[in-house]
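Heads up: the structure comes next, in structure tokens.
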Amino acid sequence: MTDMQTSNTMQSFVYASRAQRVVFGPGSLGGLAAELDTLGLRRALVLCTPPQRAQAERVAALLGGPRVAGIFDQAVMHVPIEIARQAQQVARELGADCAVAVGGGSTIGLGKAIALDSRLPVIAVPTTYAGSEMTPIYGITEAGLKKTGKDDRVLPRCVVYDPELSLSLPVTLSVTSGINAIAHAAEGLYARDGNPIMDLMAQEGIRALARALPAIQAEADGARLLQARSDALYGAWLCGAVLGSVGMALHHKLCHTLGGSFNLPHAEVHTVVLPHALAYNAAATPQAMERIAAALGAPAAPAGVFDLANSLGAPTALRDIGMREQDLDRACDIALQTPYPNPRPLERAALRALLQNAYDGARP
């Protein structure tokens, strides 16, 4: 574990880099057509959620008629397998040779589901801070269970980060999406396959988001808002890269369970659960907690995340985002069925207490 590293002893580790092109900066969406040309791609299926249809149409217009096979606007949370199959069929029928995913984790997740079976390359244009675009991790929900996996086929070939696209992202969604990104980096700091490179990226990513989110919540304007949006997108990129390079632990397992099996909103679930997952692991990973706290500028990591969310008006209780108290036992059972590696062993009573605290919104 990276938590065993000290300033005087360098641990043994493995670091694997992946072939992926990242284009970052205000106005970078304007170069999307050139990015497709660089990859030798000619006919894109543009993906989006129903509310983001107008944004997808703007992207299609930038690409130009001959480059656009069509727009598929049915992406939804947790990637139901039925929607993934429908999108794959549309891509085949329209002769698409790539997918351009415009949006957050739901849309990029759909692109990954298409790529998993068809090997269609994905170009991601993130408009939130989910970080999915930097990972080879996919998730598909079937029969009420969200199944996740890793496969390099689903890693987007190119990611275009244009902070201008997130200027209109609602403040509440910006905050929960940003704390979702912080969760990726926080778990990377105590991942069993972590390494010093990921530690640096995780701390910088958390620091950038902790700086950006209060400015976004305060609704800064003009250049200050664009700077805050740029900082948040930069932080999300780093945090997503961490998630894509190391294994997940308890926090992500719980969020996949709560989101996929109980249809709770993805970013909000991460926001609520993260302080409690950190508290569960705190004694087993003291150095990771110190690094998270330092990046947040807080005395302690679990309370620091909770206080950040609370100060920004984000939800802090599962009961406030649609969870029913009578489902907590079932959620605990599902999470224990196929547990992720975690610094502290999963104990049913302690895990059930974690879920109760998250349900109640108790400050850790």
Side-chain angles (χ1 to χ4, degrees), residues 47 49 74-88 101 103-117 122 124 128-156 173 176-177 179-181 183-184 186-187 191 239-240 243-244 246-274 276-277 315 318 321-324 326-342 346 351-352 354-355 358-359:
L47 309 175
T49 61
Q74 296 302 305
V76 294
M77 282 193 312
H78 308 306
V79 194
I81 194 168
E82 298 81 7
I83 297 295
R85 287 170 176 164
Q86 183 183 349
Q88 289 168 357
S106 298
T107 305
I108 293 167
L110 177 60
K112 290 178 172 185
I114 296 173
L116 185 64
D117 288 336
V122 178
T128 73
Y129 311 130
S132 175
E133 65 279 354
M134 294 306 299
T135 82
I137 301 166
Y138 64 88
I140 299 173
T141 300
E142 183 175 9
L145 291 176
K146 187 169 184 177
K147 302 173 182 177
T148 61
K150 269 190 176 184
D151 194 310
D152 283 343
R153 287 178 295 178
V154 310
L155 184 73
L173 182 54
T176 55
S177 181
I179 296 176
N180 176 18
H184 305 332
E187 287 224 304
C239 294
L243 179 65
V246 301
M248 296 177 284
L250 172 63
H251 170 79
H252 283 82
K253 177 60 179 180
L254 286 178
C255 291
H256 291 159
T257 296
L258 294 167
S261 297
F262 302 95
N263 200 36
L264 300 185
H266 180 83
E268 287 85 347
V269 167
H270 279 271
T271 300
V272 171
V273 170
L274 181 59
H276 304 285
L318 289 176
I321 60 172
M323 188 69 183
R324 302 186 309 168
Q326 58 264 41
D327 288 332
L328 293 178
D329 285 332
R330 180 171 166 241
C332 187
D333 291 338
I334 295 172
L336 288 168
Q337 285 174 7
T338 52
Y340 291 177
N342 193 65
L346 298 192
L351 188 57
R352 180 61 178 79
L354 183 165
L355 287 167
Y359 177 83

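What you are looking at is a predicted structure, and each value in this text was computed from that prediction instead of being measured.
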Considering all heavy atoms of both residues, which atom of [X] and which atom of [Y] are nearest to each other, and what is their separation?
X: A130; Y: S177; value: N-OG, 3.4 Å
X: C239; Y: A181; value: CB-O, 3.1 Å
X: E268; Y: P315; value: CG-CG, 3.9 Å
X: L351; Y: A335; value: CD2-CB, 4.2 Å
X: I108; Y: E133; value: CD1-OE1, 3.6 Å
X: L274; Y: A186; value: CD1-CB, 4.4 Å

Please test V122 against I114 for side chain to side chain contact (heavy atoms under 4.5 Å, CB included), starting from the C-alpha separation and ending with a verdict.
CA-CA 9 Å; V122 178; I114 296 173; over 6 Å; no
Is a donor on one side and an acceptor on the other found under 3.5 Å between the side chain of S261 and the backbone of G144?
yes
Please examine the side chains of L264 and M323, heavy atoms only from C-beta on, and report whether any two atoms are closer than 4.5 Å.
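Side chain of M323 against side chain of L264, heavy atoms only: contact under 4.5 Å found.
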With sequence neighbours left out, what residues match I81 under side chain to side chain contact (heavy atoms under 4.5 Å, CB included)?
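I81: side chain to side chain contact (heavy atoms under 4.5 Å, CB included) contacts with R85, I140, E142.
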Check side chain to side chain contact (heavy atoms under 4.5 Å, CB included) between P80 and all other residues, then give those that pass, not counting sequence neighbours.
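Scan of P80 (side chain to side chain contact (heavy atoms under 4.5 Å, CB included), adjacent residues dropped) gives V76, E82, I83.
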Take K150 and T135, measure what side chain to side chain donor-acceptor pair (under 3.5 Å) needs, and give me the verdict at the end.
CA-CA 8 Å; K150 269 190 176 184; T135 82; over 6 Å; no
Between [atom1] of [X] and [atom2] of [Y], what distance do you get to the nearest 0.5 Å?
X: D117; Y: Q88; atom1: CG; atom2: CD; answer: 4.5 Å
X: Y138; Y: R153; atom1: OH; atom2: CZ; answer: 8.0 Å
X: L47; Y: S106; atom1: CG; atom2: OG; answer: 12.0 Å
X: T128; Y: N180; atom1: OG1; atom2: CG; answer: 8.0 Å
X: L318; Y: T271; atom1: CG; atom2: OG1; answer: 11.0 Å
X: Y359; Y: R352; atom1: OH; atom2: CZ; answer: 10.0 Å

Indicate every side-chain donor-acceptor pair of residues 247-260 with a distance under 3.5 Å to a residue at least two apart or in another chain.
unit_1	atom_1	unit_2	atom_2	d
H251	NE2	H270	ND1	2.8
H252	ND1	E187	OE1	2.7
H252	NE2	H184	ND1	3.0
K253	NZ	T338	O	3.4
K253	NZ	T338	OG1	2.9
H256	ND1	H252	O	3.3
H256	ND1	Y340	OH	3.2
T257	OG1	K253	O	3.0

Yes or no on side chain to side chain contact (heavy atoms under 4.5 Å, CB included) for R330 and F262, after CA distance, side-chain angles and deciding distance?
CA-CA 10 Å; R330 180 171 166 241; F262 302 95; 3.3 Å; yes
What verdict does the side chain to side chain contact (heavy atoms under 4.5 Å, CB included) test give for V272 and I321, after you've listed the backbone C-alpha separation in whole Å, the side-chain angles of each residue and the deciding distance to 0.1 Å?
CA-CA 9 Å; V272 171; I321 60 172; 4.2 Å; yes
Cationic N near anionic O, under 4.0 Å, D327 to R324:
yes
Determine whether L173 and T176 satisfy the following criterion, side chain to side chain contact (heavy atoms under 4.5 Å, CB included), listing intermediate values before the conclusion.
CA-CA 5 Å; L173 182 54; T176 55; 3.9 Å; yes
